Structures are given as structure tokens and as C-alpha cells.
Amino acid sequence: MGVRCVAIGSCGRGKIDTGVVWMAFRGCGAAAAVLALLSAAIALYGPPLHAVIQRAFSLHKAHSTKDMENLFQLVRNIVPALTSKKHKGQDGRIGIVGGCQEYTGAPYFAGISALKVGADLTHVFCTREAAPVIKSYSPELIVHPVLDSSNALQEVEKWLPRLHALVVGPGLGRDDFLLNNVMNILEATKARDIPIIIDADGLWLIAQLPALIHGYQKAILTPNRVEFSRLWEAVLTGPVDTKDHSGSVLKLSQALGNITVVQKGEHDLISDGWQVLVCSQEGSSRRCGGQGDLLSGSLGVMAHWALLAGREKTNGSNPLLVAAWGACTLTRECNHQAFQKYGRSTTTTDMIAEVGTAFSKLFKT
Ligand SMILES: *[C@@H]1O[C@H](CO)[C@@H](O)[C@H](O)[C@H]1NC(C)=O
Ligand SMILES: *[C@@H]1O[C@H](CO)[C@@H](O)[C@H](O)[C@H]1NC(C)=O
């Protein structure tokens with residue numbers, strides 16, 4: 001169980017690439033043949049560069065500890081240093097679009113997680129009714145009650161120039177009027193080249209209108225299994241290949257124009273249509289509502305950091321892949337630490353309380 005594995009894949013151009021790709025599978029055996037293939041590939045083509053995973057082969061733990069270490073290092077590389085020279089806002093001003101009458105917890109969780117990970121300011125754009133509720137949870141969030149107004153776009157656009165990333169979907173709901181406003185906000189955000197993380201009912205909107213996000217290189221979608229299938233049906237034909245999870249994630253990313261897709265599950269699979277990373281940091285068997293909001297909020301900050309750092313700091317890999325892997329790893333570690341203390345009664349609030357120690361443990365430089 002939880003054996004860490006390196007995966008390699010054929011790049012489909014008649015040669016084998018070994019990759020900056022890490023996989024873990026339950027009960028994967030040490031495949032001697034694959035080992036030989038990997039050694040041969042390294043001998044032929046030198047050190048690992050990039051890989052497209054079409055088939056995932058698994059190797060034994062001992063061969064990947066160093067690779068995992070490398071990914072941790074890449075995340076550390078993108079984390080900005082804390083110095084007294086900076087002014088407030090430089091480490092991240094993150095916007096959250098979501099929060100309506102029924103759902104007020106999700107945007108709060110996403111917003112507070114962004115702050116705990118290291119953002120300087122978080123703005124929540126929600127409906128009029130949801131605003132006082134979200135404000136009462138925390139004095140640390142800036143809350144704008146604009147999402148159900150007829151000038152929602154103008155209200156959000158005022159703030160867009162100052163935002164480094166936008167997280168769309170936590171507690172959004174499916175009201176047509178709201179979703180129409182969100183559509184316009186997405187267009188305006190794309191026009192400003194701001195990274196966009198889409199989760200929950202934001203993904204429902206994308207499944208209705210994939211063109212909204214198709215090919216936008218700064219988009220990251222974070223579907224669970226159900227949301228993944230819905231997106232799949234919107235842009236691909238035939239059922240999801242349940243035997244080849246990483247291949248499916250790669251394919252969905254490509255069908256959406258190579259935007260970053262994070263499939264949440266027993267292991268999180270992350271692809272930009274070119275590489276597939278697997279995050280299998282130990283979490284727990286406890287799944288509580290709100291965990292996904294911790295992921296989307298922290299991903300908002302890390303996406304900003306990663307794009308700011310650029311490919312030199314991520315060793316040539318797509319910065320958004322590194323950000324996504326970092327946020328998944330952090331979320332799972334928070335789950336693990338909270339579970340150690342609270343077991344079955346673990347909730348998202350307990351997980352958020354672990355962000356500081358989990359972050360230091362994983363990424364302290
Ligand atoms: C960066 O890439 C080089 C060459 O592909 C590899 O040898 C090295 O281990 C990588 N370093 C990290 C930190 O990933
Ligand atoms: C997406 O990436 C794949 C693999 O690099 C490439 O073959 C394909 O042309 C790209 N698609 C788009 C729309 O850029």
C-alpha cells in the first residue's frame with residue numbers, strides 16, 4: 001500500500017521519454033521488466049526531462065524517493081521568501097467567487113485557506129444575503145455582496161486589476177442569473193490573463209459551456225470523480241476509461257485545450273495535457289465537506305506564486321502543475337494531521353488549523 005512509484009511513458013514520437021512523473025499505486029509490484037526499460041531509457045536519453053504518460057508503469061519505492069524529493073524542492077522554489085522589504089499584497093491578493101443563500105461555508109473555507117497558506121488579502125464576491133454570514137465567520141476576509149446584482153461584472157471588474165488569482169465555484173450554486181454573471185466575470189478575468197481555479201458548481205458551468213475555458217492556459221480545474229465524468233461527457237465521446245485514470249486525466253486536459261486538470265480521488269492526478277503528476281501524500285480515510293475548498297483556496301495562492309517564479313524555478317515543468325501538486329500535497333497532509341488528533345470527528349475547520357504546521361513540515365526552506 002502507498003508504495004511510491006516512478007512512472008514512465010511513451011511520448012508517441014517513436015522514442016521513450018523518462019519523466020518528471022511520480023506515481024503511486026496500491027500494491028504495485030516491482031516490475032523488473034519496467035526497471036530494465038527505464039535503465040535502458042536513461043542510458044539512451046540521459047537524465048529525465050518531460051514525459052507524456054500514456055501507459056503508466058510502476059516501479060518500486062526505492063527508485064522514486066529522490067524524484068519525490070525533487071518535486072518537493074520545486075514547490076519550495078516557488079514559495080516567496082518572507083522579507084521585511086515587501087508591502088502588503090505582494091504575496092497574493094486572491095479573489096473567491098461564490099457564496100449564496102444556501103452555501104456560505106465553502107467560500108469562507110477557500111478564502112481563509114488562501115490566507116493561512118500565505119496570501120496577504122482575500123476578497124470574497126458573493127450574493128447580498130450570503131455576505132453578512134460570511135463576514136461573521138471571519139473578520140479577515142473582505143466580502144463584497146455583489147454577485148446577484150445586475151452590475152456584478154462592473155463591481156468585480158473594479159477589483160480585478162488588483163487580483164493575482166481568482167477561485168470560482170465554492171458555494172456558488174446553480175442559479176441561472178448568478179451563473180450568467182459568473183460567465184461574464186470569467187471572460188473579464190481571462191482578458192486580464194489572471195489565473196483561474198474552478199471548482200464545484202463552477203465546474204458545472206464549464207460542463208454546460210466548455211468554450212468558456214477551452215485553451216485558457218492559466219486555468220486549473222479541480223473536479224472530483226462525478227464532476228470529472230460530467231466534464232468528460234461535455235467534451236469527449238464514450239465512457240471514462242476507469243482502468244487508466246492517468247490516461248483519462250491527460251485526455252480530458254487535451255480535450256479542453258491543455259488546461260490543467262486536477263482529478264481529486266484516492267490519489268490526486270494532475271495533468272496539463274503533456275505530463276501527469278500523481279499526488280499520493282498520505283491523508284486519511286476521513287472525507288469531510290469543505291476539504292475541496294481548502295484545496296482550491298491554497299491552489300489560488302500557489303498558482304500565483306508558481307507563475308511569478310516561472311519555469312526556471314520549476315525546472316522547466318509547467319508552473320501550474322507544480323502549484324497543483326503542492327496544494328494537493330498540503331491538503332492531504334492537513335487531513336492526515338487533523339485525523340491524528342480528531343479521528344472520525346475531523347472537520348475542515350480542524351484541517352485548516354493544521355495548514356501552518358503542515359506547510360512548514362512539507363515546504364519549509
Ligand atoms: C531538474 O532537471 C534535471 C534535468 O532534467 C534533473 O537532473 C534534476 O534532478 C531536476 N531537479 C529537480 C529539483 O527537479
Ligand atoms: C496539447 O498538448 C499535446 C501534447 O503536448 C499536443 O500534442 C497538442 O497539440 C496540444 N493541444 C493544443 C490544443 O494545444
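Values in this document were obtained by computation on a predicted structure and should not be read as measured data. Remember, it's 1-based here, ligands and their atoms both numbered in the order they're listed.
Between Trp274 and ligand 2, a contact under 3.5 Å exists for no N or O pair.
For the side chain to side chain contact (heavy atoms under 4.5 Å, CB included) criterion with Thr260, the lone passing option out of Leu221, Ile197, Leu299, Ile220 is Ile220.
No salt bridge links Lys341 with Asp350; every basic N to acidic carboxylate O contact stays at or beyond 4.0 Å. With salt bridges taken as basic N to acidic carboxylate O contacts below 4.0 Å, one links Asp201 and Arg174. The pair Asp268-Arg332 meets the salt-bridge criterion, with a side-chain N (NZ, NE, NH1 or NH2) lying under 4.0 Å from an Asp/Glu carboxylate O.
With distances taken over non-hydrogen atoms, the option nearest atom 12 (C) of ligand 1 out of Asn315, Asn77, Val322, Leu71 is Asn315.
Close approach of ligand 2 to Gly273 is summarised as follows: ligand atoms under 4.0 Å from at least one heavy atom of the residue are 2 (O), 3 (C), 4 (C).
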